[in-house]
Q: 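Can you read through this structure? Questions will come right after.
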Amino acid sequence: MSLRKVLLSEDVVSLAQILLGATITTHLDGITTSGIITETEAYKAPDDKGSHAYGNKRTKRTETLFAEAGTSYVYLCYGIHHLFNIVTGPKDVAHAVLIRAIEPSQGKDQMWVRRAIKSKGYNLTNGPGKLSKALGINKSHNAIDLLSIRSPISISLPKQHIPHKEIIASPRVGIAYAAECAHWPWRFRIKDNSWTSLPHDVKYDN
DNA sequence: CGAATGATCGGCT
DNA sequence: GCCGATCATTCGA
């Protein structure tokens with residue numbers, strides 16, 4: 001089954017889990033960088049108050065969310081960070097999966113150059129703003145067809161899905177204003193993978 | 001350690 | 001004007 005068909009037919013909450021383990025690759029400025037998706041979040045308008053398209057609100061910004069499955073939705077957060085989403089569902093259904101973290105595979109050195117920070121380790125790509133910067137994604141990559149052969153950004157599903165047992169669900173963060181929707185466990189990450197951001201509600205004792 | 005803060009922009013009221 | 005699907009750094013205990 002083609003990726004587009006999967007993105008069209010499955011529910012966005014399922015897709016957030018299906019996309020775990022998928023590879024995202026960018027070809028920009030003659031540089032190839034790629035990584036495995038380790039953490040995702042589902043955004044499901046119109047009922048989801050955390051979504052920009054809550055209540056099917058259409059503005060210049062949210063219009064991209066209403067595009068057909070396989071379109072990219074990149075938008076600027078806090079004036080600094082470009083957050084990368086994959087639009088899912090048929091045209092006029094504003095569902096999307098936010099990519100929150102990846103495990104780097106190709107072009108790690110170039111990612112560090114793009115990130116330009118002192119620290120190292122998992123810090124490279126374990127957050128939505130971080131991975132976008134590491135992969136060179138910015139708002140010029142909004143509303144492009146990820147499934148086109150010409151796209152500088154591409155997605156490929158893993159040969160085998162991550163088993164359900166290996167997926168951890170938790171509440172979404174950063175959208176406290178979204179009231180009860182903020183508690184919906186629509187954030188997914190691969191168990192025992194260190195290339196994820198820590199769940200905010202879990203404490204580790206050591 | 002944790003808390004506070006600065007960075008810095010565009011969409012919305 | 002205000003504030004967000006954030007992050008890196010500094011400050012204080």
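Numbered from 1 within each chain, the chains take letters A, B, ... in sequence-line order. What's counted below: heavy atoms across the whole structure, side chains too, no hydrogens, waters or symmetry copies. Here the structure is a predicted model, which is why all the values come from computation and not from measurement.
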Q: From the list C:dA5, B:dG10, B:dC12, which nucleotide is the closest neighbour of the side chain of A:R61?
A: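 So the side chain of A:R61 is nearest to B:dC12.
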Q: Among A:R189, A:K130, A:R187, find the one that has a side chain to side chain donor-acceptor pair (under 3.5 Å) with A:S197.
A: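 Exactly one pass, corresponding to A:R187.
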Q: Is there, by distance only and without an angle test, a donor paired with an acceptor across the side chain of A:H81 and the base of C:dA5 below 3.5 Å?
A: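 Result: no qualifying N/O pair found.
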Q: Among A:T23, A:N193, A:T38, which one satisfies side chain to side chain donor-acceptor pair (under 3.5 Å) with A:E103?
A: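 So the option named by the test is A:N193.
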Q: When the distance from CG of A:N123 to C1' of C:dC7 is rounded to whole Å, what number comes out?
A: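 My rounded result for the distance is 9 Å.
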Q: Look at the side-chain N and O atoms of A:R187 and state whether any lies under 4.0 Å from the OP1 or OP2 oxygen of C:dA5.
A: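 No, because none of the side-chain N or O atoms of A:R187 sits under 4.0 Å from OP1 or OP2 of C:dA5.
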Q: Could you tell me whether the phosphate oxygens of C:dA8, OP1 or OP2, come under 4.0 Å of any side-chain nitrogen or oxygen in A:S119?
A: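 For C:dA8, neither OP1 nor OP2 has a side-chain N or O of A:S119 closer than 4.0 Å.
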Q: Both A:K139 and A:I80 contact DNA chain B. Which one's nearest nucleotide lies toward the 5' end?
A: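 It is A:I80 whose nearest nucleotide is closer to the 5' end.
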Q: For a quick check of understanding: with a heavy-atom distance under 4.0 Å over all strands, which category does A:N85 fall into, base, sugar-phosphate or nothing?
A: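 Counting heavy atoms under 4.0 Å across all strands, the contact made by A:N85 includes a base.
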Q: Decide, applying a 5.5 Å centre-distance limit and a 30° plane-angle limit (both strict), whether A:Y78 stacks on B:dA7.
A: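 Whether judged by distance or by angle, A:Y78 falls short somewhere, so it does not stack on the base of B:dA7.
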Q: Would you indicate which nucleotide in C:dT6, B:dT13, C:dA8 comes nearest to any side-chain atom of A:K57?
A: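 Of the options given, the side chain of A:K57 lies nearest B:dT13.
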Q: Write down the distance separating the C1' atoms in B:dG10 and C:dA8, rounded off to the nearest Å.
A: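 22 Å, rounded to whole Å.
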Q: In whole angstrom, what separates A:N138's CG from B:dT8's C1'?
A: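 Those two atoms, CG and C1', are 16 Å apart.
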Q: Between A:D92 and A:R58, does at least one N-O distance fall below 4.0 Å, as a salt bridge requires?
A: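 Salt bridge flag = yes for A:R58 with A:D92.
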Q: Find the distance A:H52:NE2 to B:dC12:P and express it as a whole number of Å.
A: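 These atoms are roughly 9 Å apart.
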Q: State the pairing partner of B:dT8; accept Watson-Crick or G-U wobble contacts with both distances under 3.5 Å, and report none otherwise.
A: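 Here B:dT8 is not engaged in any pair, so there is no nucleotide opposite it.
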Q: Would you mind telling me which of B:dG11, B:dC9, C:dT6 lies closest to the side-chain atoms of A:P128?
A: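 Taking heavy atoms from C-beta onward, the closest nucleotide is C:dT6.
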Q: Would you mind checking if A:R150 and A:D145 are paired as a salt bridge, meaning a charged N to carboxylate O distance below 4.0 Å?
A: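 No.
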Q: To the nearest Å, how far apart are A:L76 CG and B:dG10 P?
A: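 From A:L76 CG to B:dG10 P: 7 Å.
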Q: When all nucleic acid strands are considered with a 4.0 Å heavy-atom cut-off, which category describes A:I117: base, sugar-phosphate, or nothing?
A: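 Answer is sugar-phosphate: A:I117 comes under 4.0 Å of backbone atoms only.
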Q: Nearest-Å distance, CD (A:E39) to P (C:dA5)?
A: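 Taking CD of A:E39 and P of C:dA5, I get 16 Å after rounding.
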Q: Measure from CG on A:L98 to C1' on C:dT6 and round the result to the nearest Å.
A: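 So the two atoms are 11 Å apart, to the nearest Å.
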Q: Please report the distance, rounded to the nearest Å, between NE2 in A:H95 and P in C:dA5.
A: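 Going from A:H95 (NE2) to C:dA5 (P), I get 18 Å.
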Q: Nearest whole Å is fine: how far is C:dG4 P from A:R172 CZ?
A: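 The answer, rounded to whole Å, is 16 Å.
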Q: In terms of side-chain geometry, is the basic nitrogen of A:R100 or A:E39 positioned less than 4.0 Å from the acidic oxygen of its partner?
A: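 Counted as a salt bridge, because a side-chain N and a carboxylate O are separated by less than 4.0 Å.
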Q: Under 4.0 Å, heavy atoms only, any strand: does A:G79 hit a base, just the sugar-phosphate, or nothing?
A: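 If one applies the 4.0 Å heavy-atom cut-off, A:G79 turns out to touch a base.
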Q: So, is A:K130 close to the C:dA8 phosphate, meaning a side-chain N or O under 4.0 Å from OP1 or OP2?
A: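 True: A:K130 side-chain N/O within range (under 4.0 Å) of C:dA8 OP1/OP2.
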Q: Between A:R172 and A:D48, is there a salt bridge with N-O shorter than 4.0 Å?
A: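 Here A:D48 pairs with A:R172 in a salt bridge, since their nearest N and O are under 4.0 Å apart.
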Q: So which nucleotide does C:dA5 pair with, by the Watson-Crick or G-U wobble rule with both distances under 3.5 Å?
A: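 Base partner found: none.
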Q: Using the C1' atoms only, state how far C:dA5 lies from B:dA3, rounded to an integer number of Å.
A: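 B:dA3 and C:dA5 have their C1' atoms separated by 22 Å.
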